[in-house]
Amino acid sequence: MTQIATVERILDAGHAEISVPRKSACGHDCEECAGCGVTGAAVRARALNPIGAAPGQKVVVESSTKKLLRIVALVYLIPVVLFFVGYLGAFAMTSSTAVQYTAAVLGFVLGILGAIAYDRRLRARGGLSFTIVRLF
């Protein structure tokens, strides 16, 4: 996956700190949708800098699509799957609607807690890996 980023500062001979605009479903065309007040937040990350980009330059960065898809699956898909597993598992064992809903919510919460734990582990390891491929 390629994105456009800004080099914020040089960390060492081979790495730079970059600022990557966070992508969202919002097109940030506030005149068209009456504006929600949300601004395009940026994510700061460490990137390999093989081209020697300098602070302030706009660059094209590349990240691992495989890792990104794993993160998306964990954050969005796993909680929903565990919600249905909890519901259907309780549905098979009891006819109590309260127990079925409780099991579904517990499954969802377990999925969210797993996503939070993975996010913390990923941040401790340096997060997504970016590589600066060229100047923009």
Side-chain angles (χ1 to χ4, degrees):
M1 176 178 185
T2 59
Q3 293 177 291
I4 298 170
T6 304
V7 177
E8 296 295 327
R9 64 188 176 108
I10 302 300
L11 299 174
D12 57 43
H15 294 90
E17 181 179 280
I18 59 170
S19 175
V20 183
R22 181 170 288 178
K23 299 288 185 186
S24 71
C26 174
H28 296 291
D29 190 10
C30 298
E31 295 82 25
E32 291 294 320
C33 71
C36 61
V38 175
T39 60
V43 176
R44 291 185 183 259
R46 180 182 172 112
L48 260 149
N49 187 9
I51 66 167
Q57 289 183 316
K58 294 268 189 205
V59 293
V60 176
V61 294
E62 194 171 79
S63 61
S64 169
T65 304
K66 181 179 176 184
K67 188 181 263 190
L68 186 64
L69 289 177
R70 187 175 345 139
I71 292 168
V72 168
L74 186 70
V75 171
Y76 294 107
L77 189 61
I78 300 298
V80 173
V81 168
L82 289 178
F83 174 87
F84 285 115
V85 166
Y87 178 79
L88 295 173
F91 183 78
M93 292 188 295
T94 182
S95 62
S96 171
T97 313
V99 172
Q100 294 167 2
Y101 291 163
T102 302
V105 169
L106 285 175
F108 185 78
V109 168
L110 282 174
I112 295 295
L113 291 176
I116 291 170
Y118 182 75
D119 178 58
R120 288 184 180 164
R121 190 176 81 191
L122 187 65
R123 283 186 194 203
R125 291 183 177 175
L128 279 175
S129 58
F130 291 96
T131 303
I132 298 173
V133 291
R134 63 182 169 88
L135 295 176
F136 179 67

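If you're wondering where the values come from, they're calculated on a predicted model, not measured in any experiment.
Side-chain heavy atoms closer than 4.5 Å link hydrophobic residues (I, L, V, M, F, W, Y) into clusters, and following such links, possibly through other members, connects I4 to V133. Under a hydrophobic-cluster definition in which Ile, Leu, Val, Met, Phe, Trp and Tyr are linked whenever side-chain heavy atoms come within less than 4.5 Å, directly or via other members, L135 and F130 are assigned to the same cluster. When the side chains of ILVMFWY residues are joined at heavy-atom separations under 4.5 Å, either directly or via intervening members, V75 and Y118 end up in a single hydrophobic cluster. Follow the hydrophobic side-chain contacts under 4.5 Å out from V109 and you never reach Y76; the two are in separate clusters. When the side chains of ILVMFWY residues are joined at heavy-atom separations under 4.5 Å, either directly or via intervening members, I112 and F84 end up in a single hydrophobic cluster.
Looking at T2, V60, L48 one by one, the single match for side chain to side chain contact (heavy atoms under 4.5 Å, CB included) with T131 turns out to be L48.
Applying the side-chain contact (heavy atoms from CB on, under 4.5 Å) test to A5 and every residue at least two apart in sequence or in another chain returns I18, V20, V59, V61. Every residue two or more places apart in sequence or in another chain that forms a side-chain contact (heavy atoms from CB on, under 4.5 Å) with I10 is listed here: V7, A16, N49, P55.
L113 CG to I78 CD1: the interatomic distance, rounded to the nearest 0.5 Å, is 14.0 Å.
Scanning both residues, F83 and A104, for their nearest heavy atoms gives CD1-O, 3.3 Å. Contact record, L82 with G107: CB-O, 3.2 Å, taken as the closest heavy-atom pair. When all heavy atoms of R46 and L11 are compared, the pair lying nearest together is CG-CD1, 3.8 Å.
Between the T94 side chain and the A90 main chain, no donor and acceptor come within less than 3.5 Å of each other.
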